[in-house]
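Quick note: numbers below take in every heavy atom, side chains included, and nothing from hydrogens, waters or symmetry partners.
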Amino acid sequence: VLYKRSVRFRRFNLMLPDAIDLMARALRAGHALSSALLLVAEEMTDPIGPEFRRTSDELNYGLPFREALLNLDRRFPLRDLHFLVTAILVQKDTGGNLVELLDKSAALLRSRIHLHQKVRVFIAQGRMTGVILIALPFVCFVLLNFVKPDYARPLLENDIGRKAIYAALGIMMVGVVLIQKI
């Protein structure tokens with residue numbers, strides 16, 4: 001259930017800039033904000049379309065605009081959506097160019113998504129490097145024993161050799177913990 005929820009939230013977050021662009025285009029075409037929300041509900045797929053439809057339905061049933069947007073924010077507690085809802089509500093109270101606000105919000109959200117994806121790539125690259133560095137001594141030891149079987153015998157039969165192996169394994173475990181912390 002939690003996995004499905006996180007996937008749904010991630011898809012919502014990735015689709016949000018497109019929904020904002022659609023709202024901005026609808027406002028440029030002369031639609032009201034409530035009909036722009038309905039347009040997003042009709043044009044976008046799950047999960048963003050049904051949520052905007054619910055918000056549009058709440059507006060049609062007489063719920064104040066502020067409450068309908070806050071309900072959307074409560075249903076999807078995402079930082080980016082909260083930012084958008086807050087910006088729309090502040091703009092509605094103070095006035096200004098909503099289309100420009102939506103355009104800048106969409107550009108900001110796209111850059112945040114792009115940065116987040118870059119960070120995920122770097123994290124995956126670091127994890128892969130850590131796995132390779134951890135596996136490399138074991139692979140080298142196995143290959144060396146395959147090529148020259150008697151090479152590691154003094155290391156395994158001697159007390160000092162075994163203590164060196166235990167020390168190396170301990171240091172490797174510290175390295176694993178440090179890599180995971182980083």
Side-chain angles (χ1 to χ4, degrees), residues 1-24 40 44-52 54-55 69-90 101-182:
V1 172
L2 288 176
Y3 176 74
K4 285 183 180 180
R5 184 177 181 203
S6 68
V7 168
R8 186 173 162 90
F9 278 30
R10 192 175 318 123
R11 284 194 63 212
F12 189 96
N13 209 20
L14 291 174
M15 295 171 74
L16 189 58
D18 295 332
I20 295 170
D21 281 340
L22 187 58
M23 286 172 53
V40 170
M44 301 292 289
T45 60
D46 188 47
I48 209 163
E51 291 304 324
F52 273 78
R54 187 170 174 186
T55 303
L69 282 183
L70 290 175
N71 286 343
L72 174 66
D73 188 33
R74 282 186 209 108
R75 286 191 302 268
F76 274 86
L78 298 170
R79 187 178 339 166
D80 294 340
L81 181 63
H82 181 72
F83 168 75
L84 175 69
V85 167
T86 303
I88 290 173
L89 292 176
V90 167
L101 174 89
L102 292 175
D103 286 338
K104 288 183 179 181
S105 297
L108 176 70
L109 293 180
R110 279 195 179 91
S111 66
R112 283 176 47 99
I113 290 168
H114 183 70
L115 178 64
H116 181 70
Q117 288 171 344
K118 274 187 170 181
V119 167
R120 288 183 64 194
V121 167
F122 289 138
I123 288 172
Q125 184 180 10
R127 285 184 181 158
M128 183 58 74
T129 302
V131 167
I132 290 170
L133 288 175
I134 290 168
L136 189 62
F138 297 108
V139 171
C140 288
F141 184 77
V142 169
L143 290 176
L144 191 60
N145 278 328
F146 183 72
V147 172
K148 191 169 183 183
D150 293 334
Y151 189 73
R153 182 169 289 143
L155 187 64
L156 297 172
E157 291 176 353
N158 193 344
D159 282 342
I160 295 173
R162 283 191 291 267
K163 288 179 183 177
I165 290 173
Y166 296 142
L169 289 174
I171 291 171
M172 285 182 68
M173 294 309 291
V174 170
V176 167
V177 170
L178 289 176
I179 287 173
Q180 286 187 353
K181 293 284 183 184
I182 291 173

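- Closest approach of L16 and L109 over heavy atoms only: CD2-CD1, 3.8 Å.
- No side-chain heavy atom of P154 sits less than 4.5 Å from a side-chain heavy atom of N158.
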Candidate pair D159 and R162, rule side-chain contact (heavy atoms from CB on, under 4.5 Å), full reasoning: CA-CA 5 Å; D159 282 342; R162 283 191 291 267; 2.6 Å; yes

Apply the test side-chain contact (heavy atoms from CB on, under 4.5 Å) to residues H82 and T86: give CA-CA distance (whole Å), side-chain angles for both, the deciding distance (0.1 Å), then the verdict. CA-CA 6 Å; H82 181 72; T86 303; 3.7 Å; yes

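- The minimum heavy-atom distance linking F76 with L81 is given by the pair O-CD2, 3.4 Å.
- Distance CZ/R75 to CG/L70: 11.0 Å, rounded to 0.5 Å.
- Counting heavy atoms from C-beta on, the side chains of I88 and L102 come closer than 4.5 Å.
- When side chains are defined from C-beta on, D18 does not count as touching L22, because their heavy atoms never get closer than 4.5 Å.
- Exactly one of L69, D73, L84 qualifies for a side-chain contact (heavy atoms from CB on, under 4.5 Å) with L89. That residue is L69.
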Could you walk me through whether F52 and M44 satisfy the side-chain contact (heavy atoms from CB on, under 4.5 Å) test, starting with their C-alpha distance in whole Å, then the side-chain angles of each, then the deciding distance to 0.1 Å, before giving a yes or no? CA-CA 9 Å; F52 273 78; M44 301 292 289; over 6 Å; no

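- For the pair V176 and I134, the tightest heavy-atom approach, listed with the atom from each and the gap, is CG2-CD1, 3.1 Å.
- With values rounded to the nearest 0.5 angstrom, I48 atom CD1 is found 7.5 Å from I20 atom CD1.
- When the shell of 6.0 Å around CG of L156 is examined, it contains more than 12 heavy atoms from other residues, nucleotides or ligands.
- In terms of the salt bridge (Lys or Arg N to Asp or Glu O under 4.0 Å) criterion, residue partners of R112 (sequence neighbours excluded) are, by chain and number, D80.
- Residues N71 and T55 are not in side-chain contact: their nearest non-hydrogen atoms beyond the backbone lie 4.5 Å or more apart.
- The shortest heavy-atom contact between P47 and E51 is O-CG, 3.3 Å.
- Nearest heavy-atom pair across V40 and A19 is CG2-O, 3.5 Å.
- Residues T45 and M15 approach most closely at OG1-CE, 3.2 Å, considering heavy atoms.
- More than 12 heavy atoms of other shown residues, nucleotides or ligands fall within 6.0 angstrom of atom CZ in R74.
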Check step by step if side-chain contact (heavy atoms from CB on, under 4.5 Å) holds for R110 and D21. CA-CA 11 Å; R110 279 195 179 91; D21 281 340; 2.7 Å; yes

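- One finds the CZ atom of F138 at 5.0 Å from the CG atom of L169 (value rounded to the nearest 0.5 Å).
- Remark: L136 CG to M172 CE distance equals 9.0 Å, nearest 0.5 Å.
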